[in-house]
Amino acid sequence: MRISDFIAFSAMVLAPVLAYGTPTDLQPVSGAQVHRQLGALAKSLEHYHPYLKSAAERKRFDARVRHLLTPIRGEIPTWKDWLLQQELVRTLDDPHTALYPLALERQVLPVKIHWVSDGILISPWHNTGKKQLFPKNSQLLRLGPYGPQALLRKEEALFPGPSEWIKVSDALPGYEMYWLGLVDAKAGVTMTVRTPGGKVRHLTLKFVTLPKDWLFKKVAKRDRSWYHWRLDRAHDIAWFTLNQMRVAVSYDKAVAAFFRAVERAHINRVAVDLRKNGGGSSLAEVPFLQYMGVKHYRDYSDRQSLSPKALKAQFGELEAYLKKNLPKFYIAHFPVPKAPSKSNVFHGKLYLVTGPGCFSSAMEFAEDVKYNHIGTIIGRPCGETVTGPGEVHEFIHDSPSGVPFQVSTTVYRWPGLPNGAMVEPDVSIPLTMADVRQGIDPVKAWLDASVHTSGPVNR
């Protein structure tokens with residue numbers, strides 16, 4: 001079981017990183033510092049990453065470092081320095097290995113983007129306080145010279161992971177616009193949009209700087225509402241939204257209360273929504289598996305047991321890891337969730353709702369349910385391949401840049417599945433521009449319409 005993917009990013013890095021200040025994308029970095037930073041990054045990657053364990057792979061990687069540094073002689077702007085490091089990280093094609101230039105990410109175009117199956121929708125970024133220049137949920141036709149598919153191909157060249165994961169981003173940061181060559185002499189970026197009313201408009205937008213506390217507020221909001229549930233008796237379904245894979249006593253109690261309410265309401269279908277779940281600890285799936293009556297299941301190459309003894313060992317491993325690596329934030333005891341009695345096991349149908357934002361150990365939850373035939377996956381593919389690196393080590397990088405950094409330490413492979421395999425939904429339901437504009441959740445619509453065709457499932 002994975003125990004650390006994206007588990008503590010916000011708590012570990014926010015306070016120390018924002019204290020470094022907020023340099024702009026255009027501030028110069030000396031050639032000597034560029035060399036030091038890339039060298040320090042390469043050293044960390046070679047120390048931790050499983051793809052670089054052999055001498056031959058390290059030799060090829062060192063050649064890549066020299067190739068990237070050869071043209072660097074004098075000063076370069078900060079955005080170019082960060083993207084040089086990103087190019088090195090991209091060499092590994094591992095979305096779990098990542099740099100987080102939080103200070104740079106404060107400078108953005110005042111636009112939020114939403115990738116859907118038939119294009120890109122954009123809306124004004126409400127945090128900027130700027131006058132709305134176009135209506136909410138307009139269609140992005142071109143960003144500079146790039147249409148949606150050309151833009152995706154460019155981003156795939158820089159950011160690792162399958163295209164579904166790359167589409168999760170909802171911002172247009174300055175460093176990416178500079179890298180794409182879209183910023184004109186007046187610091188503007190042009191785009192062409194079609195409004196919901198059908199009018200085509202040509203815009204030139206300038207960057208805005210988000211408030212210093214924008215990330216604190218975002219993380220605080222996420223932490224206040226990382227799970228919630230509701231019953232829909234009219235459609236014979238109960239929804240549990242899980243936006244983080246986190247173990248906590250309050251979460252275990254919420255899952256138990258959820259299934260008690262399901263039983264009292266005589267509901268036969270349960271949907272767990274993982275569409276915005278970027279991961280955490282895979283042990284967060286345990287309470288749901290217990291209520292589904294699971295005793296044993298396959299997880300990658302291992303056969304996992306949900307016996308009290310096995311769970312005690314696994315939760316003890318998680319606690320030891322957190323105390324060792326993140327003692328300031330995670331000195332806590334995690335009681336093993338108690339399995340329900342036989343009479344309280346849920347005998348209905350389980351759906352896991354997935355999409356591009358379902359990543360890391362959330363994706364593992366989906367693959368465990370799918371490949372062990374515990375339930376039905378519905379929605380869009382997860383944002384990560386089944387085989388790939390994970391189990392990250394997180395720290396503030398010791399290079400002069402001082403940015404938050406995480407690097408994979410382990411490679412996971414599911415026997416019998418080829419490299420590049422995705423967790424494909426059993427019921428594929430795309431999200432369209434029309435759905436977003438009309439406020440329709442197509443997965444909910446499908447489940448509501450199928451109420452009379454999905455009865456109890458007996459084990």
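Here, residue 1 is the first one in the sequence, and each next residue gets the next number.
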Undergrad: What about Trp165 and Phe159, are their ring centers closer than 6.0 Å?
TA: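 Here the rings of Phe159 and Trp165 have centres that are no less than 6.0 Å from each other.
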Undergrad: Distance check, rounded to the nearest 0.5 Å: Gln107 atom CD versus Asp25 atom CG?
TA: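 Nearest 0.5 Å value for the CD-CG distance: 4.0 Å.
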Undergrad: Check whether any side-chain heavy atom of Val369 lies under 4.5 Å from a side-chain heavy atom of Tyr297, and answer yes or no.
TA: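 Heavy-atom side-chain distance check fails, nothing below 4.5 Å.
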Undergrad: Whether the side chain of Thr97 engages the backbone of Ser408 through a donor-acceptor N/O pair (distance < 3.5 Å, no angle test) should be reported.
TA: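 Here the side-chain-to-backbone pair exists.
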Undergrad: Would you say the side-chain atoms of Thr409 pair up with the backbone N or O of Glu391, donor to acceptor, closer than 3.5 Å?
TA: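 Judged by distance alone, yes, a pair lies under 3.5 Å.
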Undergrad: Does the side chain to side chain contact (heavy atoms under 4.5 Å, CB included) test come out yes or no for Leu45 and Leu92, once each step is laid out?
TA: CA-CA 9 Å; Leu45 291 170; Leu92 300 172; 3.9 Å; yes
Undergrad: Treating Arg106 as the side-chain partner and Leu210 as the backbone partner, does any N or O pair qualify as donor plus acceptor under 3.5 Å?
TA: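 Checking the backbone N and O of Leu210 against the side chain of Arg106, a donor-acceptor pair under 3.5 Å is found.
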Undergrad: With heavy-atom distances below 4.5 Å as the criterion, would you say the side chains of Tyr51 and Val411 are in contact?
TA: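 They are in contact (side-chain heavy atoms under 4.5 Å apart), so the answer is yes.
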Undergrad: Report yes or no: does Glu164 contribute a side-chain atom to a donor-acceptor pair with the main-chain N or O of Cys382 at less than 3.5 Å?
TA: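 Absent.
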Undergrad: Would you sort out whether Ser281 and Leu318 count as a side chain to side chain contact (heavy atoms under 4.5 Å, CB included), showing the intermediate values?
TA: CA-CA 8 Å; Ser281 169; Leu318 170 63; 4.0 Å; yes
Undergrad: Between Val183 and Val189, is the side chain to side chain contact (heavy atoms under 4.5 Å, CB included) condition met? List the steps.
TA: CA-CA 5 Å; Val183 186; Val189 176; 4.1 Å; yes
Undergrad: What distance separates Leu350 CG from Thr376 OG1, expressed to the nearest 0.5 Å?
TA: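 Rounded to the nearest 0.5 Å, the CG-OG1 separation comes to 7.5 Å.
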Undergrad: Between Asp81 and Thr78, does any side-chain donor sit less than 3.5 Å from a side-chain acceptor?
TA: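 Side chains of Asp81 and Thr78: no pair found under 3.5 Å.
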Undergrad: Hey, does Leu151 have a side-chain heavy atom less than 4.5 Å from the side chain of Leu180?
TA: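 Sidechains of Leu151 and Leu180: in contact.
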Undergrad: Report yes if some heavy atom in the side chain of Arg437 is under 4.5 Å from a heavy atom in the side chain of Gln139; otherwise report no.
TA: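 SC-SC contact between Arg437 and Gln139 confirmed.
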Undergrad: What is the minimum heavy-atom distance between Pro135 and Pro196, and which atoms define it?
TA: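 Taking every non-hydrogen atom into account, CB-CD, 4.0 Å.
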Undergrad: Using modelled atom types and a 3.5 Å cut-off, is there a donor and acceptor pairing between side-chain atoms of His397 and backbone atoms of Gln37?
TA: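 No; zero donor-acceptor contacts below 3.5 Å.
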Undergrad: Check side-chain hydrogen bond (donor to acceptor under 3.5 Å, both in side chains) between Asp184 and all other residues, then give those that pass, not counting sequence neighbours.
TA: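 Result, side-chain hydrogen bond (donor to acceptor under 3.5 Å, both in side chains) vs Asp184: none returned.
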Undergrad: Show which side-chain atoms of residues 60-70 pair as donor or acceptor with protein atoms under 3.5 Å away, not counting sequence neighbours.
TA:
residue : atom : partner : partner atom : Å
Arg60   : NH2  : Glu57   : OE2          : 2.3
Arg64   : NE   : Thr91   : OG1          : 3.3
Thr70   : OG1  : Arg66   : O            : 2.6

Undergrad: Side chains of Tyr300 and Glu364: any donor to acceptor distance under 3.5 Å?
TA: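 No, no side-chain donor-acceptor pair sits under 3.5 Å.
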Undergrad: Under 3.5 Å, side chain of His114 to main-chain N/O of Leu121, donor-acceptor pair present?
TA: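 Between the backbone of Leu121 and the side chain of His114 there is no qualifying donor-acceptor contact (under 3.5 Å).
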Undergrad: Is it true that atom NZ of Lys136 has more than 12 heavy atoms of other residues, nucleotides or ligands lying nearer than 6.0 Å?
TA: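 Atom NZ in Lys136 is not packed in, count stays at 12 or less.
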Undergrad: Between Tyr251 and Phe288, what is the ring plane arrangement, given parallel below 30°, perpendicular above 60°, and tilted in between?
TA: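 Correct class here is tilted.
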Undergrad: Would you call the rings of Tyr371 and Trp414 parallel, tilted or perpendicular, taking 30° and 60° as the class edges?
TA: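 It falls in the tilted class, 30° to 60°.
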Undergrad: With Lys80, which residues qualify under side-chain hydrogen bond (donor to acceptor under 3.5 Å, both in side chains), at least two apart?
TA: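 For Lys80, no residue satisfies side-chain hydrogen bond (donor to acceptor under 3.5 Å, both in side chains) once neighbours in sequence are set aside.
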Undergrad: Minimum heavy-atom separation for Trp115 to Ser169, with atom names?
TA: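 Residues Trp115 and Ser169, closest heavy atoms: CD1-O, 4.0 Å.
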Undergrad: Say whether, by atom type as modelled, one donor and one acceptor occur between the side chain of Ser117 and the main chain of Leu431 under 3.5 angstrom.
TA: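 Yes.
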Undergrad: Is it true that a side-chain atom of Asn277 and a backbone atom of Leu242 form a donor plus acceptor pair closer than 3.5 Å?
TA: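 Answer holds: yes.
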Undergrad: Write down the atom of Ser123, the atom of Asn137, and the distance for their closest heavy-atom approach.
TA: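 Shortest heavy-atom contact: OG-N, 3.0 Å.
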Undergrad: For the atom pair CD1 (Ile396) and CZ (Phe405), what is the distance rounded to the nearest 0.5 Å?
TA: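 Reported to 0.5 Å precision, the distance equals 11.5 Å.
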Undergrad: Starting at NZ of Lys167, measure out to CD of Glu156 and round the result to the nearest 0.5 Å.
TA: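 It comes to 8.5 Å.
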Undergrad: Any non-hydrogen side-chain atom of Gln86 less than 4.5 Å from a side-chain atom of Pro160?
TA: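 Contact flag for Gln86/Pro160 side chains = yes.
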Undergrad: Write down the atom of Ile72, the atom of Gly31, and the distance for their closest heavy-atom approach.
TA: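 Looks like CG2-CA, 4.2 Å.
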Undergrad: Verify, without hydrogens or angle tests, whether Asp273 (side chain) and Arg275 (backbone) share a donor-acceptor contact under 3.5 angstrom.
TA: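 Yes, Asp273 side chain to Arg275 backbone: donor-acceptor pair under 3.5 Å.
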Undergrad: If we ignore hydrogens and angles and just use 3.5 Å, is the side chain of Arg58 paired with the main-chain N or O of Lys53 as donor and acceptor?
TA: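 The answer is yes, because a donor-acceptor pair under 3.5 Å joins these two groups.
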Undergrad: Mind listing the closest non-hydrogen atom pair of Asp118 and Thr432 along with its distance?
TA: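 For Asp118 versus Thr432, the nearest heavy atoms are OD1-CA, 3.5 Å.
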Undergrad: Hydrogens and angles aside, do Tyr175 and Glu105 bring a side-chain donor and acceptor to less than 3.5 Å of each other?
TA: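 Checked: Tyr175/Glu105 side chains pair up, N/O donor to acceptor below 3.5 Å.
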Undergrad: Please check if any side-chain donor atom of Arg201 sits under 3.5 Å from a side-chain acceptor atom of Ser138, or the reverse.
TA: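 Per modelled atom types, Arg201 and Ser138 side chains form no pair under 3.5 Å.
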Undergrad: Are more than 12 heavy atoms, taken from residues, nucleotides or ligands other than Arg194, located less than 6.0 Å from that residue's CZ atom?
TA: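 At most 12 heavy atoms, drawn from other residues, nucleotides or ligands, come within 6.0 Å of this atom.
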Undergrad: Are side-chain heavy atoms of Ile378 and Leu447 found at a separation under 4.5 Å?
TA: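 Yes - at least one pair of side-chain heavy atoms lies under 4.5 Å apart.
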Undergrad: Which heavy atom of Leu84 sits nearest to which heavy atom of Val34, and what is that distance?
TA: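 Scanning both residues completely, I find the closest heavy atoms to be CD2-CG1, 3.5 Å.
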